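A short write-up of the structure that comes next.
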Number of protein chains: 2
Amino acid sequence: MRGIDIVDIDDHLRKTGIKPSYQRKAIFEYLMNSNCHSTVNDIYMALSSNISTLSKTTIYNTLNLFVDHNIVEVINIDPNEARYDIVREVPHGHFKCEECGEIYDIFLDFNTLPIKDLNNFTIKTQQINLTGICGKCNEK
Amino acid sequence: MRGIDIVDIDDHLRKTGIKPSYQRKAIFEYLMNSNCHSTVNDIYMALSSNISTLSKTTIYNTLNLFVDHNIVEVINIDPNEARYDIVREVPHGHFKCEECGEIYDIFLDFNTLPIKDLNNFTIKTQQINLTGICGKCNEK
DNA sequence: GTTCCTGCAAAAGCTTTGCAGAAGA
DNA sequence: TCTTCTGCAAAGCTTTTGCAGGAAC
């Protein structure tokens with residue numbers, strides 16, 4: 001479900017005007033293959049074992065670059081910490097479980113959002129963030 | 001439009017189990033009458049001239065108390081800074097203009113959100129955050 | 001008198017900035 | 001060689017915590 005059709009990361013980055021350095025490719029690949037709406041710390045923990053010199057500064061630099069180039073989006077569902085997700089074909093919202101902390105994708109049709117009163121506004125980003133208790137935790 | 005029907009703040013706080021101290025009433029009143037989805041700093045700037053001893057700690061304490069008691073909600077539209085809004089009868093989303101920074105209320109029917117795949121989930125909070133360029137800035 | 005509230009100071013945590021050295025073209 | 005990228009160290013911000021004095025009842 002989360003897998004997307006970017007086969008050649010090198011090419012994908014280049015197409016958006018980003019030089020595909022070793023670190024940048026690793027960070028993009030991690031985001032693409034992980035399904036946990038990663039924080040900077042998640043990425044750092046996951047990659048620093050393989051790339052021992054990797055610094056958080058580089059992760060921040062890289063993520064900001066990706067966001068600027070619109071291939072990654074920031075999810076503000078967590079007030080204390082930004083989460084990052086690959087920009088996907090199908091826009092979707094997010095649900096965070098208060099109990100277990102897990103973040104779920106919520107697929108909904110953004111085109112049918114009942115938005116009124118927005119004459120002459122240009123919408124660039126849309127985020128739908130829900131919180132509550134997830135199915136698993138409700139069963140307990 | 002933003003005005004709500006809370007006439008007696010003292011009573012409103014008491015009903016939700018909050019002791020209506022001078023500071024708490026002032027903060028709640030400010031949120032009720034302002035229309036700018038205030039930050040902690042906004043509140044501090046606005047009130048500290050009248051309440052010279054007011055500290056940001058008290059504002060944080062108070063807002064967290066209000067949020068816990070469900071009479072104020074946090075808006076995470078701004079990654080760097082939390083914004084606070086009175087919980088209103090009519091749920092609504094928010095739009096932040098990248099140009100002027102203004103935050104607008106977006107009225108939409110949360111009940112008709114096209115959400116699927118949420119069997120057995122309990123939804124407690126819903127936030128819809130949009131960004132882009134507002135009508136005023138588009139005219140320039 | 002006891003409990004709760006306030007606010008100063010300090011700490012904690014996320015993110016950005018400055019800068020020097022390294023890598024890449 | 002010249003530009004760009006990386007990463008250490010330090011700084012900047014928002015928010016939380018510890019704690020002592022004060023207010024309320």
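All of these numbers come straight from a predicted model, not from anything done at the bench. Excluded from the calculations below are hydrogen atoms, water molecules and symmetry mates; all remaining heavy atoms, backbone and side chain alike, are included.
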- Query: Which whole-number value in Å describes the distance from A:I59 CD1 to D:dG7 P?
  - Reply: 9 Å
- Taking only residues at least two apart or on different chains, which pairs with a member in residues 63-77 of chain A satisfy side chain to side chain donor-acceptor pair (under 3.5 Å)? none
- What residues form a side-chain contact (heavy atoms from CB on, under 4.5 Å) with A:N138, not counting sequence neighbours? A:I133, B:N120, B:T122
- Message: Whole angstroms only, please: what is the CD1-C1' distance between B:I51 and D:dG22?
- Response: 16 Å
- Item | Sequence-distant partners of B:D42, side chain to side chain donor-acceptor pair (under 3.5 Å), two or more places apart | B:T39
- In whole Å, what is the span from the OH atom of B:Y22 to the P atom of C:dG7? 11 Å
- Message: Can you list everything that forms a side-chain contact (heavy atoms from CB on, under 4.5 Å) with A:P20? Sequence neighbours excluded, please.
- Response: A:D10, A:L13, A:R14, A:K25
Between the protein and nucleotides 15-20 of chain D, list the N/O to N/O atom pairs that are separated by less than 3.5 angstrom.
{"from": "D:dT15", "atom 1": "OP1", "to": "B:A82", "atom 2": "N", "distance (Å)": "3.0"}
{"from": "D:dT15", "atom 1": "OP2", "to": "B:Y60", "atom 2": "OH", "distance (Å)": "2.7"}
{"from": "D:dT15", "atom 1": "O5'", "to": "B:Y60", "atom 2": "OH", "distance (Å)": "3.3"}
{"from": "D:dT16", "atom 1": "OP2", "to": "B:N64", "atom 2": "ND2", "distance (Å)": "3.3"}

- If you look at every strand shown and take non-hydrogen atoms under 4.0 Å, does A:T53 touch a base, only sugar-phosphate, or nothing? sugar-phosphate
- Message: Through direct or indirect side-chain contacts below 4.5 angstrom among Ile, Leu, Val, Met, Phe, Trp and Tyr, which residues connect to B:I75?
- Response: B:I77, B:I103
- The side chain to side chain donor-acceptor pair (under 3.5 Å) partners of B:K136 (sequence neighbours excluded) come to none
- Calculate the interatomic distance between B:I27 atom CD1 and C:dG7 atom C1'; express it in whole Å. 12 Å
- Message: Side-chain N or O of B:T58 versus OP1/OP2 of C:dG7: is the shortest distance under 4.0 Å?
- Response: yes
- Item | side-chain contact (heavy atoms from CB on, under 4.5 Å) partners for B:A82, two or more places apart | B:V74, B:Y84
- Item | Value in whole Å for how far the P atom of D:dC13 lies from OH of B:Y44 | 16 Å
- Message: Go nucleotide by nucleotide along DNA chain D from the 5' end; which of A:S55 and B:N41 gets its closest nucleotide reached first?
- Response: A:S55
Report each atom pair, protein N/O against N/O of nucleotides 2-5 of chain D, whose distance is under 3.5 angstrom.
{"from": "D:dC5", "atom 1": "OP1", "to": "A:R24", "atom 2": "NH1", "distance (Å)": "3.0"}
{"from": "D:dC5", "atom 1": "OP1", "to": "A:R24", "atom 2": "NH2", "distance (Å)": "3.3"}

- Message: According to side-chain contact (heavy atoms from CB on, under 4.5 Å), who are the partners of B:S21, at least two apart in sequence or on a separate chain?
- Response: B:Q23, B:R24
- Task: Look at the rings of B:F121 and A:F95 and say which category their plane angle falls in: under 30° parallel, 30 to 60° tilted, over 60° perpendicular.
- Result: perpendicular
- Query: CG of A:D78 versus P of C:dG13: gap in Å, rounded?
  - Reply: 15 Å
- Does any non-hydrogen side-chain atom of A:T131 lie less than 4.5 Å from one of A:N129? no
- Message: Going by the rule ring-ring contact (aromatic ring centres under 6.0 Å, His included), which residues pair with B:Y44 if we only count those two or more places apart in sequence or in a different chain?
- Response: none
- Task: Starting at atom CG of A:D42, determine the distance to atom C1' of C:dC14, rounded to an integer number of angstrom.
- Result: 14 Å
- Query: Between B:F66 (CZ) and C:dC5 (C1'), how many Å, whole number?
  - Reply: 13 Å
- Considering the terminal five base pairs at each end of the helix from C:dG1-D:dC25 to C:dA25-D:dT1, what angle separates the two local helix axes, rounded to 10°? 20°
